Amino acid sequence: MRLGFLGGTFDPVHEGHLALARACRDGAALDRVVFVVAGTPPHKLDRRLAPAKHRLAMVRLAAEPDPGFVVDDREIRREGIGYTIDTVGEIVREHPDDDCFWIIGADTLPELPTWREAARLIDTIGILSATRPGYDPEPAIAVLDAQFGTVRAKRISDGFLEMPPAAVSSTEIRARLAGGESVAGLGPDRVAAYIAANGLYS
Ligand code: ATP
């Protein structure tokens, strides 16, 4: 099987996450996309996230209609700060006969050098990323080349796929909800209903 793992805080999940998952599934012929919901991510320690059980429930609602999308809660069950390299190590050990890929949004790719043991991460699992048509990935690749060497940078650029632009972020959704504005169309209706029913982000 070909498996893609899409990590995120999903606070909340939105159309951009789903578009990224679809682009990687279709562009890299994945049998399954696994949404890995972060517990306590190292790069977001400075802000309070919605409780993990709500973020997880929203991702489950978003993923459920698509039989190829599944949800993994291992990082939520883990104590302490969650590092992607630890999750990836577990995943490749659990799937010795499958082709596994870690999915990273193109906007997050330039942050890769700050991730713990990023070089080992690139050596351990394939990386898939997706960008909007016309986006020039060269500057980002040049940074990765300087940091990790040509072989690793090429592995990453080989994993670049195209996706339709989805100009939405969780930050924007939280801001709109805090301001009492509509978030219609930015994510699945069932997620918006869950947010309203649980009084999140208001
Ligand atoms: P926040 O605004 O709270 O920082 P976010 O919307 O960027 O959150 P995350 O959960 O941090 O969402 O992102 C998970 C993954 O999804 C990351 O790899 C990120 O690059 C990617 N991603 C997020 N939004 C989009 C989008 N609109 N298009 C493509 N990829 C995206």
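One-based numbering along the sequence shown. We count ligands from 1, going down the list as the structure has it; atoms in each ligand are counted the same way. Because the structure is predicted, anything quoted here is derived from the model rather than measured.
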Near Ile104 (heavy-atom distance under 4.0 Å), the atoms of ligand 1 are 18 (O)

Ligand 1 atoms nearer than 4.0 angstrom to some heavy atom of Gly8 are 10 (O), 14 (C)

Side-chain ion pair, Arg22 and Asp66, N-O less than 4.0 Å: no

message = Side-chain heavy atoms nearer than 4.5 Å, only ILVMFWY residues, links allowed to pass through others: does that put Val36 and Tyr83 together?
response = yes

Sorted by chain and residue number, the side-chain hydrogen bond (donor to acceptor under 3.5 Å, both in side chains) partners of Thr171 (sequence neighbours excluded) come out as Arg174

Among non-hydrogen protein atoms, atom 22 (N) of ligand 1 lies closest to His17 CD2, 4.0 Å

Between His54 and the options Tyr194, Tyr201, Phe10, the side-chain contact (heavy atoms from CB on, under 4.5 Å) test singles out Tyr194

Practice prompt. Please check if atom CZ in Arg32 has more than 12 non-hydrogen atoms from other residues, nucleotides or ligands closer than 6.0 Å.
Written response: no

Ligand 1 to Thr9, heavy atom cutoff 4.0 Å, flagged ligand atoms 9 (P), 10 (O), 11 (O)

Atom 11 (O) of ligand 1 has as its nearest protein heavy atom Lys44 NZ, 2.8 Å

Heavy-atom proximity to atom 14 (C) of ligand 1, picking from Gly105, Ala23, Gly7, Pro165, points to Gly7

At under 4.0 Å between heavy atoms, what of His14 touches ligand 1? The answer is side chain

Quick note on ligand 1: atoms under 4.0 Å from a heavy atom of Arg174 include exactly 3 (O)

Is_contact(atom 7 (O) of ligand 1), protein non-hydrogen, under 4.0 Å: no

Closest to atom 17 (C) of ligand 1 among protein heavy atoms sits Thr108 OG1, 3.5 Å

Phe10 heavy atoms within 4.0 Å reach ligand 1 at atoms 10 (O)

* Is Asp107 near ligand 1, meaning one of its heavy atoms is under 4.0 Å from it? -> yes

Taking atom CD of Glu138 as the centre, report whether more than 12 heavy atoms of other residues, nucleotides or ligands fall under 6.0 Å from it. yes

Here the atoms of ligand 1 under 4.0 Å from any heavy atom belonging to Ala166 are 26 (C), 27 (N), 28 (N)

Taking the six-membered ring for Trp, are Phe160 and Tyr135 parallel (under 30°), tilted (30 to 60°) or perpendicular (over 60°)? parallel

ask   = In terms of heavy-atom contacts, does CG of Asp136 have more than 12 from other residues, nucleotides or ligands at under 6.0 Å?
value = yes

For Thr171, the atoms of ligand 1 under 4.0 Å from one of its heavy atoms are 1 (P), 2 (O), 3 (O), 4 (O)

Q.
Walk me through whether Ile91 and Arg74 qualify under side-chain contact (heavy atoms from CB on, under 4.5 Å).
A. CA-CA 10 Å; Ile91 286 169; Arg74 77 178 68 220; 4.1 Å; yes

Contact region, Leu20 to ligand 1, non-hydrogen atoms below 4.0 Å, reads side chain

| task | Kindly determine whether Val37 and Met58 satisfy side-chain contact (heavy atoms from CB on, under 4.5 Å), including the steps that lead there. | result | CA-CA 10 Å; Val37 183; Met58 291 187 281; over 6 Å; no

For ligand 1, is Glu15 a contact, meaning one of its heavy atoms is under 4.0 Å away?
no

May I ask you to say whether Glu172 pairs ionically with Arg176, meaning some side-chain N is under 4.0 Å from a carboxylate O?
yes

#### Entry: ligand 1 contacted by Glu172 (non-hydrogen, < 4.0 Å)
no

